[in-house]
Amino acid sequence: KVNDGLKKSRERLARDLANIVQGGRIEELEEVLEELEEVLITSDLGVDTVDKILDDLRAESRAQRLEKREDIKNGLKKSLVRILEAKSNVGVALAKAESPPTIIMVIGANGMGKTTTIGKLAARLRQDGSSVLVAACDTFRAAAVDQLEEWVRRADVDIVVPKPEQKSPSGVLFGAVEKAFEGKYDYLIVDTSGRLHTNANLMGELQKMVRVVSKFKENGPDETLLVVDASIGRNAVAQADTWKKEVGVTALAVTKLDGTARAGFVVSCVDELDIPVKLIGVGESIDDLRDFDAELFVDGLVG
Ligand code: GDP
């Protein structure tokens, strides 16, 4: 099933590819590849990833599977799937602890779609029959807590919010982890503050939160999910590296893929970062969250 959330990216790629994939037999492969290179780079694929694609197409040509220009689209799809599946980080499911609760800490700069992603994820886990507790640990923004409460109502799960005098995210988290164990919840999803990652205080606070979880679970959170907005394109790769060094990131959720024509960068994210993309957001509704699947993604991107 083609993923309609990638419609904008697919339309742009199709438009940019239109001239390349029409016109019968390929006379000069390298000339065609040069045109293709430009299209792929403007689609936010990184240079290294594009090089791999061009090499794959040269191999296809040698194997005589690339004779007509229209074959380029299939060659491109095959190559993208190959590149994605070559990574052990593709198709990895979201962590599930052997003994509950599974603790998922969700981090990311403000505006990336953290609250929305938590709401969608909570709803999905709930629909699958799990009990879910959400910890609203963004004590810096009252509005963030309100917004999260709204999502939690829709998802039909439970929430822990800061008490009026509570200003420490770690304090809220401690209470929430206790409640998750006592209430035998299957999942605890932790919302965190998302002021910009250049803020040393924020990193310090997040590290403290990891230590709080470590008091209950030797290895800390089962998953530290970084939420990045697809429309920031390749900047997300650099951002993810920083968060990984400072707090540790075990998985990425890429949001707003429906709102951008830059979905191609996800391929480079997978190719360049040693962090699995586990979830993608393709809309604003509660059911617009998907697992990352290489073939579905490439179908959605290339059509
Ligand atoms: P936060 O500040 O990181 O918690 O971000 P929010 O969850 O509040 O999201 C910011 C905006 O992005 C909101 O208007 C959301 O509706 C929107 N948003 C989040 N995820 C998606 C998505 O996958 N697709 C689209 N189109 N919008 C999204």
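Below, all heavy atoms of this structure are taken into account, side chains as well, without hydrogens, waters or symmetry copies. For this chain, numbers begin at 1 and follow the sequence in order. For ligands, and for the atoms within them, numbers begin at 1 and follow the listed sequence.
Checked against Arg124 for a salt bridge (charged side-chain N to carboxylate O under 4.0 Å, His left out), the options Asp156, Asp291, Asp288, Asp287 give a single hit: Asp291.
What sits closest to atom 2 (O) of ligand 1 on the protein, heavy atoms only, is Gly111 N, 2.7 Å. For atom 5 (O) of ligand 1, the closest non-hydrogen atom of the protein is Gly113 N, 3.1 Å. Among protein heavy atoms, the minimum distance from atom 7 (O) of ligand 1 is reached at Thr116 OG1, 2.6 Å. Closest to atom 4 (O) of ligand 1 among all protein heavy atoms lies Thr115 OG1, 2.5 Å.
Atom numbering of ligand 1 starts at 1 in the shown order; those under 4.0 Å from a heavy atom of Lys120 are 22 (C), 23 (O). Using a 4.0 Å cut-off to heavy atoms of Val282, the atoms of ligand 1 that qualify are 23 (O). Residue Gly281 has at least one heavy-atom neighbour below 4.0 Å for each of these atoms of ligand 1: 23 (O).
Lys52 has no carboxylate O lying under 4.0 Å from a charged side-chain N of Asp55, or vice versa, which leaves the two without a salt bridge. Here Arg154 pairs with Glu150 in a salt bridge; the nearest charged N to carboxylate O distance falls below 4.0 Å. With respect to Lys179 and Asp158, no salt bridge is recorded, no charged nitrogen being found less than 4.0 Å from a carboxylate O. The pair Asp56-Lys78 fails the salt-bridge criterion, with no side-chain N (NZ, NE, NH1 or NH2) lying under 4.0 Å from an Asp/Glu carboxylate O.
Of the listed options Asp258, Thr255, Val106, Asp258 places a heavy atom closest to atom 24 (N) of ligand 1. Nearest to atom 22 (C) of ligand 1 by heavy atom, out of Ser193, Gly119, Ser285, Gly283, is Gly283. Taking each of Met112, Gln147, Glu284, Lys256 in turn, the one with a heavy atom nearest to atom 11 (C) of ligand 1 proves to be Lys256.
Ring-plane geometry between Phe216 and Phe181 is classed as parallel, the angle between the planes falling under 30 degrees on a 0 to 90 degree scale with a further cut at 60.
Residue-level proximity to ligand 1 for Val227 is absent, since no heavy atom of it falls below 4.0 angstrom. Contacts between Arg290 and ligand 1 below 4.0 angstrom, taking non-hydrogen atoms only, are absent altogether.
The shortest N or O to N or O distance between Asn110 and ligand 1 is not below 3.5 Å.
Smallest separation of non-hydrogen atoms from Thr260 and Lys8: O-CB, 3.5 Å.
Both Val282 and Val267 sit in one connected hydrophobic cluster of ILVMFWY residues. Membership requires side-chain heavy atoms under 4.5 Å apart, directly or through other members.
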Show your working on side chain to side chain donor-acceptor pair (under 3.5 Å) between Thr102 and Asp222 and close with a plain yes or no.
CA-CA 6 Å; Thr102 297; Asp222 297 286; 4.8 Å; no
